[in-house]
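For reference, the structure discussed in these notes is given below.
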Amino acid sequence: MHPALSIILFTTLSGLGFGLLAWLGTSSASPDVRPAATIGAFVLASAGLVASTFHLGHPERAWRALSQWRSSWLSREGVMAMLTLGTVMAWWLSGFSQWLGALLALFALSTVYTTAMIYAQMRSVRQWETALTPAVFLLLALAGGGLLFLFAAATNSGAGVGMGSIVLILIVAAWIVKFAWWRRADGDIEISATRSATGLGIGGEVRLFESPHTGTNYLLREMGFRVGRKHARTLRRIAVFAGGVVPAAGVILALAFDELALFVLAPAIVVHLLGVLAERWLFFAEARHAVMSYYAGAARA
Amino acid sequence: MTALPKKTAQKLGLVIDLDTCVGCHACVVSCKEWNTGGYPAPLSDEDAYGAEPVGAWLNRVHSFEVTAPDAAARIVHFPKSCLHCDNAPCVTVCPTGSSYKREEDGIVLVDEDLCIGCGLCAWACPYGAREMDPVDGVMKKCTLCVDRIYNDNLAEEDREPACVRACPTRARHFGDLNDPDSAVSKLVADRGGYDLMPEQGTKPVNQYLPPRPRDADSTRTPRLDPIDGDATPDGILGWLDRALERLG
């Protein structure tokens with residue numbers, strides 16, 4: 001699948017923002033930094049939303065996407081994002097009430113879940129169609145949001161060892177689940193092959209003899225993306241190192257040396273973001289779409 | 001509404017005969033021609049007369065080489081357009097309600113005034129039936145020529161999809177697949193019509209008829225028996241025949 005920059009930025013940034021909102025909503029630590037952190041999370045989440053409209057053919061009609069929440073995960077995502085951002089304001093105005101905070105956390109995580117379900121519902125891309133997909137999205141959002149939360153708390157009195165340990169566990173859990181996701185994706189999952197796509201070649205071979213078009217087309221541009229697959233292994237290592245190893249080490253150092261916390265967590269957050277961007281890029285670039293079986297064996301596909 | 005109807009009164013669709021298709025692409029060109037000129041917006045191209053033209057097409061013909069283990073390879077031309085699935089995944093993913101399946105005849109359409117061009121429906125379709133219009137930024141797909149089949153301004157024989165009308169080998173058939181007595185339903189029953197990618201659970205309406213098996217001997221021309229070998233001709237040939245008989 002074509003890894004559109006706008007979608008990668010959207011899922012990564014809004015994941016971070018909604019993850020941080022979940023932490024802020026449920027934690028009573030460091031009330032002094034709450035306003036600033038809330039603004040930060042709000043900006044991240046809405047920046048992601050704005051980025052997501054860049055790939056639309058008609059961004060001015062984006063509001064229409066809120067209408068079909070009964071059937072469409074993309075619509076549900078839009079509705080949940082709006083509800084969450086609205087709840088942030090209500091929470092702020094209520095003087096950070098505890099139950100509104102809990103509601104905010106629930107909404108924020110639901111938004112991340114709906115984002116992941118857009119991909120996880122898709123049978124045309126079998127690598128995505130698994131409960132592991134929302135698990136990865138949620139854990140990475142919580143881990144990234146947790147890192148930001150630790151950083152915000154460190155500007156004041158710190159979040160404490162308990163919070164730090166939870167973030168550490170979440171980072172490790174996120175990458176364990178991602179490993180399981182990769183294992184499944186690399187394994188023998190049933191992908192619609194040319195034989196079932198055409199219904200031809202019972203007991204024989206089917207290959208594309210002549211492409212239906214001499215140039216490229218929308219399908220090949222969107223679904224036939226192959227560039228970078230040869231670097232997939234390297235990129236996976238980079239993703240795990242930057243998204244998992246470095247931030248985990250950062251959290252451990254921050255827990256061990258209180259006075260270093262800010263200086264360790266800041267770069268850890270940036271490196272984690274880069275790691276998640278690499279993970280998200282691979283999520284799209286490595287995905288194989290069923291339609292490509294109609295182009296199987298062709299030089300262009 | 002992007003919820004799918006529980007059932008549709010008719011299931012209008014195509015039956016495509018892979019045995020008779022010769023891969024001439026007349027249906028492809030005819031489709032493009034009709035849909036770029038009629039309702040709704042044109043079916044655009046980019047760099048149409050340049051070195052690398054790209055555009056939206058609603059019908060494409062792939063050509064496959066099929067090699068069975070004990071037979072010679074054969075070419076099968078394979079036209080592919082929207083299958084107007086009963087369980088259309090492209091419809092339910094649409095966030096705006098611009099994609100819908102009609103309750104009366106089962107045709108899957110896009111309301112181009114509502115489409116935001118997010119492309120999710122094209123991702124959801126395993127068949128590659130939807131293509132984004134590069135100029136309009138909205139999704140385009142086969143309408144089953146909804147502006148022809150009900151069009152009273154056209155002569156009756158023209159009230160069928162442009163691709164069906166154009167096919168010189170009658171490899172494309174149009175009709176109601178919900179009616180077991182319709183010509184298309186009978187064709188499917190007779191020839192063993194099948195679904196594409198049944199494992200996707202899309203329940204496509206369009207059906208494909210498999211290429212007929214070829215005899216192992218089909219490369220040899222069968223010997224024809226002489227017609228009327230023993231009959232006696234009359235006229236001058238009869239006279240010649242009798243004369244030669246006497247001489248022999």
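Per chain, numbering begins at 1; letters A, B, ... match sequence-line order.
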query = Is chain A contacted by the side chain of B:Pro211, its backbone, both, or neither, given a heavy-atom distance below 4.5 Å?
reply = side chain
request  = Could you check if a side-chain atom of B:Met197 sits within less than 4.5 angstrom of a side-chain atom of A:Ser293, using non-hydrogen atoms only?
outcome  = yes
ask   = Under 4.5 Å, heavy atom to heavy atom, which residues of residues 131-141 of chain A contact chain B?
value = none
ask   = Any idea which of A:Leu74, A:Thr198, A:Leu56, A:Val206 has the most non-hydrogen atom pairs under 4.5 angstrom with chain B?
value = A:Thr198
request  = Please name the pair of heavy atoms, one in A:Arg61 and one in B:Glu112, separated by the smallest distance, quoted to 0.1 Å.
outcome  = NH1-O, 3.0 Å
Segment of A:Glu60 engaging chain B (4.5 angstrom heavy-atom cut-off) = neither
request  = Below 4.5 Å from any heavy atom of chain B, which atoms of A:Phe54 appear? Answer side chain, backbone, both or neither.
outcome  = neither
ask   = Tell me, side chain or backbone of B:Val93 under 4.5 Å from chain A's heavy atoms, or both, or neither?
value = both
Most contacts with chain B, counted as non-hydrogen pairs under 4.5 angstrom, among A:Pro59, A:Ser75, A:Ser72 = A:Ser72
request  = List the atom of A:Asn217, the atom of B:Glu131, and the distance in Å for their closest heavy-atom pair.
outcome  = ND2-OE2, 3.7 Å
key: Distance-minimising heavy-atom pair for B:Leu120 and A:Met122   = CD1-CE, 3.4 Å
message = Taking side chain as everything from C-beta outward and backbone as N, CA, C, O, which of these in A:Thr194 sits under 4.5 Å from a heavy atom of chain B? Side chain, backbone, both or neither.
response = side chain
ask   = Based on non-hydrogen pairs under 4.5 Å, which of B:Val61, B:Asp195, B:Val76 is most in contact with chain A?
value = B:Val61
key: Closest non-hydrogen atom pair between A:Ser71 and B:Ala3, with its separation   = OG-N, 3.9 Å
ask   = Looking at side-chain heavy atoms only, is the closest gap between B:Phe64 and A:Glu205 below 4.5 Å?
value = no
query = Where on A:Ala62 is there a heavy atom nearer than 4.5 Å to chain B: the side chain, the backbone, both, or neither?
reply = backbone
Proximity of residues 3-18 of chain A to chain B, residues having a non-hydrogen atom under 4.5 angstrom = A:Ile7
inquiry  = Taking side chain as everything from C-beta outward and backbone as N, CA, C, O, which of these in A:Arg76 sits under 4.5 Å from a heavy atom of chain B? Side chain, backbone, both or neither.
reply    = neither
ask   = Measuring heavy-atom distances to chain B, does A:His289 have an atom under 4.5 Å in its side chain, in its backbone, in both, or in neither?
value = side chain
request  = Could you tell me whether B:Glu103 atom CD has more than 12 heavy atoms of other residues or ligands within 6.0 Å of it?
outcome  = no
request  = Answer with yes or no after comparing the ring centroid distance for A:Phe209 and B:His62 against a 6.0 Å cut-off, counting only values under it.
outcome  = no
inquiry  = If you compare all heavy atoms of B:Pro95 against all heavy atoms of A:Ser67, which two are closest, and at what distance to 0.1 Å?
reply    = O-OG, 3.6 Å
task = For A:Ser124 and B:Pro126, indicate whether the former's side chain and the latter's backbone hold a donor-acceptor pair under 3.5 Å.
result = no
ask   = Given that the side chain runs from C-beta out, which part of A:Leu200 has a heavy atom under 4.5 Å from chain B: side chain, backbone, both or neither?
value = both
request  = Please check if the side chain of A:His213 supplies one atom and the backbone of B:Gly55 the other of a donor-acceptor pair under 3.5 Å.
outcome  = no
